[in-house]
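For reference, the structure is listed below as structure tokens.
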Amino acid sequence: MGGSAPRRAGHLPVETTSFVDRRGEQAAGRELLSRARLVTLTGPGGVGKTRLAARIAARAERTFPDGVRFVHLAGLRDPELVPLAVADALGLHDHSAGPPADALVAHVRDRKVLLVLDNCEHLLRACARLAAALLSGTTGVRILATSRHRLGLTEENLLDVRPLPVPDPDGDLSAADGYPALALFADRAAAVVPGFALTAGNRAAVTRLCRRLDGLPLAIELAAVRMRVLGVEQLLERLDDRYRLLTSGSPAALPRHRTLRAAVDWSHELCTAREQLVWARLAVPAGGFDLETAEAVCADGDLVHGPDVLDAIAGLVDKSVLSREPGPDGVRYRLLDTLRHYGMERLRGTAGEELATRRRHRDWMLRRATACEQAWFGPGQREIVARLRADQDNLRAALDFSLRGAGGATLAPGPGGVFGAGAPGGASVVAAGREGVPLTPADALAGLRLAGTLWFYWHACGAPREGRYWAERALEANPEPTSERARGLWVAGLLAGCPEDLTRGLRRAEEARELARGLGDAAEAAHAEYVIGVIRLFADDLPGALAHFEAGVARGPVPGQHLSLVGLDQVELACALGFLGHADRAVEVCEKTLRLCEEHGEEWVRSYALRMLALAHTVKQDWPRAEQYAREALRLKLAVNDLIGLALTLDLTARIATERSAHERAAVLLGGADRAWAAVDQGRWGSEALNSLRRDTETRAGRALGATAFSAAYDRGAALTLAELVAHALQEPGPSDVAPPAPDRPQVRLTPREAQVAELVAEGLANQQIADRLVIARRTAEGHVERILNKLGFHTRTQIATWVTAQR
């Protein structure tokens, strides 16, 4: 319990507490995976399925050259999100219009990968459908699932995860220390009572205690925390009292459900009244949450005030109810799924509590998303991306809560429960929070507002499929003509992206423009105009796109228009100019955009402006400058995880390499570009001008190298990760670049501050960002960069980055 912290999406959780040996189950799980493609770990709540699955997956990682991906499903409630969560874990930024499962199958068709689907029990049908599609459509994918119930597929092999074995307390206990249940208790007890160990004097009592707890790891861990104030004998005596009370009150519950219920009930009763209330309210956030979220969700200004929440959280962490884990902004917290369901049962025990708590949670996520959108055109984009990714399950929960009320639907209680039939209230595992209270139109409108506010996240950070899903759901729930609907329409159009969806996207954007104009909302009309222009560009209407963006840029920004879209208007204008041969005008427009980005310390739009400068200099056949700008764009695009921009820029960099007779390098870059495109969609998309540029590059490189050499270099590039590929591109300067100092040349010495600035330049930071990071004036940062360039004999920031990499 509380033993692992989440890593980047899809990667195995990091263990933060010791893992009690389950060698038999680990061996059995690995053996099953070696011969079966679907293995499901089943067992009751609190038995340790997630930890065991992570261990098995980690031990099997070497046998899966394309990796192991861990998919957390506990925070999901909507079955439609299951394939999207798997796509996210696999790094698939799906823009296609077909069923998401089809895109997943195509993405992993030729890969050997292990998917761990954790906590499937509340989404059984969706998980089973996806597993069946993956198993039938691929040959190298294997699935390790955890669930309280089997998925029900014929290919499924089950591994029953049983409680930890406990010896007979009245038998020979001389070898009892080797039993995992006792070892777990001793380990967790020693964490709260330093020096605690199993001894001849306490071994029998610990054995009886673990026997009473049926060897359930969660129950044992909760009991061990009580060692702060009780001895083992006292612990056992009080637990026996609790167990007898529970048995008499819930005869229908299974023994293990009663045992777990006894341990959780007891932990709950040892909490203060405020801690109990905070526990219940913290059942609403999905996945992890930070202190700000906890305060917003739990503080109602009546029973709980803001300062009370921190004290309650400290108490719940101390009692092992909450686990503490690292996050992008510091500490985050998490309720184990079993304890979250228990809290939800308690929340439903008071009329109106769940609905009020969910609204506070939704409103807080809307405030957080709004703050992130307002700060997006600025120096903190990487931090914003990390924060929203960490809160992804919370955003989904807030959207789902608001939009499930559409059409008069209600939050209604469901059957079944985590702790069996004896659980009060019959809490549903499937529908976390159905109170029988109808939601209002204001709730649905808030959902539309949240979906529209997150446009930059869906668009810039590679989540177009999910963004489209929420935007369309929100539009369906909000047919009234409002500014929120106008925004939702152009957001849906912006996220269309792929060729087969462009027509529908254009209709959405045009509808948004007309609605916004009718409402007198100039900002949303301008946003819709941007989307219309982009779709024209992708549809190869270059003259039409040029006229469209020229008119928009000439008009200038309107009040309320997001600066990102102001900058992107200019970028797309430059793109149309470049493809139509007006390179000098394209350079002029891009330099204006760069000045806007530099003024605000912005990176994402800046990366597109740099790429367009590279394109413009390609048209001008100024290959050194084209390569310089392309490489600067690559570094920024990797930093902000802009996969589409990265793929486009790799294509362009490869073309520049062929013009500089670096044909082998071009082939490597083309292989990497195709790898990036495969993570976006199975087919390239965009304008014909973009695709013809790429085809011409491949023809040139292939003719120069010959089929065998081209294929070998291409395969090398396709085998690199995106980070390795960008590093390769940055470390291989073109002929006109100044190389790092030769070994026989006097070593250049930078001052400590210059070295610090050089490192930040290598990270891709602009001068204003460097100034903010080091708390210095921007002019001072500019001076440091100039002195570094002069000392090293360089002309570009890219050369500084290359030099820093070489020094490392």
Discussion item. Looking at Asp400 and Arg77, is any side-chain nitrogen of the basic one under 4.0 Å from a carboxylate oxygen of the acidic one?
Written reply: no
Worksheet item: Is a donor on one side and an acceptor on the other found under 3.5 Å between the side chain of Arg332 and the backbone of Gly288?
Response: yes
Item to complete: Can you see which heavy atom on Lys49 is nearest to which on Gly43, and at what distance?
Response: NZ-O, 3.1 Å
Discussion item. Please check this pair: side chain of Arg37 against backbone of Val141, looking for a donor-acceptor N/O pair closer than 3.5 Å.
Written reply: yes
Worksheet entry | Side-chain (Asn202) to main-chain (Thr199) donor-acceptor, under 3.5 angstrom | yes
Item to complete: Please name the pair of heavy atoms, one in Ser147 and one in Leu124, separated by the smallest distance, quoted to 0.1 Å.
Response: OG-CD2, 3.7 Å
Worksheet entry | Glu353 and Arg346 ion-paired at < 4.0 Å | no
Worksheet entry | Verdict with supporting geometry, Tyr333 and Val331, side-chain contact (heavy atoms from CB on, under 4.5 Å) | CA-CA 7 Å; Tyr333 306 94; Val331 176; 3.7 Å; yes
Discussion item. Tell me whether Asp214 contacts the main-chain N or O of Leu216 through its side chain, where contact means a donor paired with an acceptor under 3.5 Å.
Written reply: no
Discussion item. Would Glu25 and Arg30 count as a salt bridge (charged side-chain N to carboxylate O under 4.0 Å, His left out) here? Give the steps.
Written reply: CA-CA 9 Å; Glu25 289 96 330; Arg30 291 198 302 273; over 6 Å; no
Worksheet item: For the side chain of Arg142 and the backbone of Val113, is there at least one donor-acceptor N/O pair under 3.5 Å apart?
Response: no
Practice prompt. Please confirm whether the backbone N or O of Ala74 pairs with a side-chain atom of Asp118, one donor and one acceptor, at under 3.5 Å?
Written response: no
Discussion item. Quick test of your reading of the model: are Asp318 and Arg228 salt-bridged, counting only N-O distances below 4.0 Å?
Written reply: yes
Worksheet item: Got a second to check how far Trp470's CH2 is from Leu84's CG, nearest 0.5 Å?
Response: 9.5 Å
Worksheet item: Got a salt bridge between Arg368 and Asp391, using NZ or NE/NH1/NH2 to carboxylate O under 4.0 Å?
Response: yes
Worksheet item: Which value, rounded to the nearest 0.5 Å, describes the distance between Glu221 atom CD and Ser267 atom OG?
Response: 11.0 Å
Fill in: Pairwise distance CG(Leu159) to OG1(Thr146) - rounded to 0.5 angstrom
11.5 Å
Worksheet item: For the side chain of Gln276 and the backbone of His268, is there at least one donor-acceptor N/O pair under 3.5 Å apart?
Response: yes
Discussion item. Are Phe196 and Phe185 packed together at the side-chain level, in the sense that at least one heavy-atom pair is separated by less than 4.5 angstrom?
Written reply: yes
Practice prompt. Evaluate side-chain contact (heavy atoms from CB on, under 4.5 Å) for Arg69 paired with Leu114, printing each intermediate quantity in order.
Written response: CA-CA 6 Å; Arg69 294 293 180 266; Leu114 174 63; over 6 Å; no
Worksheet item: Hey, what do you get for CE (Met365) to CG (Leu395), rounding to the nearest 0.5 Å?
Response: 4.0 Å
Worksheet item: Do the charged groups of Glu121 and Arg150 touch, with an N to O distance under 4.0 Å?
Response: no
Worksheet item: Do His72 and Asn119 have a side chain donor and acceptor closer than 3.5 Å?
Response: no
Fill in: Heavy-atom side-chain contact between Val284 and Leu347 under 4.5 Å
yes
Discussion item. Could you measure the distance from the CG atom of Leu41 to the CG atom of Asn157? Nearest 0.5 Å is fine.
Written reply: 11.5 Å
Worksheet entry | Shortest non-hydrogen contact between Ala299 and Gly306, atoms and distance | CB-N, 3.8 Å
Discussion item. Between Asp290 and Arg387, does any NZ, NE, NH1 or NH2 come within less than 4.0 Å of an OD or OE carboxylate oxygen?
Written reply: no
Worksheet item: Salt bridge or not for Arg360 and Asp300, using N-O below 4.0 Å?
Response: no
Worksheet item: Does Glu466 reach the side chain of Glu80, with side-chain heavy atoms less than 4.5 Å apart?
Response: no
Worksheet item: If we ignore angles and hydrogens, is there a donor and acceptor under 3.5 Å between the side chains of Asp88 and Gln392?
Response: yes
Fill in: Short side-chain donor-acceptor distance under 3.5 Å, Ser402 and Arg362
yes
Worksheet item: Donor-acceptor pair, His361 side chain versus Thr293 backbone, under 3.5 Å?
Response: no
Worksheet entry | Straight-line distance of Leu366 CG to Leu450 CG, nearest 0.5 Å | 5.5 Å
Worksheet item: Less than 4.5 Å apart, any side-chain heavy atom of Val166 and any of Pro180?
Response: no
Item to complete: Flag the pair Asp393 and Arg396 as a salt bridge only when some basic side-chain nitrogen lies within less than 4.0 angstrom of an acidic carboxylate oxygen.
Response: yes
Worksheet item: Does atom CZ of Arg35 have more than 12 heavy-atom neighbours, drawn from other residues, nucleotides or ligands, at distances under 6.0 Å?
Response: yes
Discussion item. Tell me the closest heavy-atom pair linking Leu198 and Arg203, and the distance in Å.
Written reply: O-NH2, 4.1 Å
Worksheet item: Does the side chain of Glu275 pick up a donor-acceptor pair with the side chain of Trp279 at under 3.5 Å?
Response: no
Discussion item. Between Ser323 and Arg334 (side chain of the first, backbone of the second, donor and acceptor by atom type, cut-off under 3.5 Å), is there such a pair?
Written reply: yes
Fill in: Donor-acceptor pair, side chain of Glu156 and main chain of Gly152, under 3.5 angstrom
yes
Discussion item. For a quick test of reading the model, state the closest non-hydrogen atom pair linking Leu260 to Gly45 and the distance between them.
Written reply: CD2-O, 3.3 Å
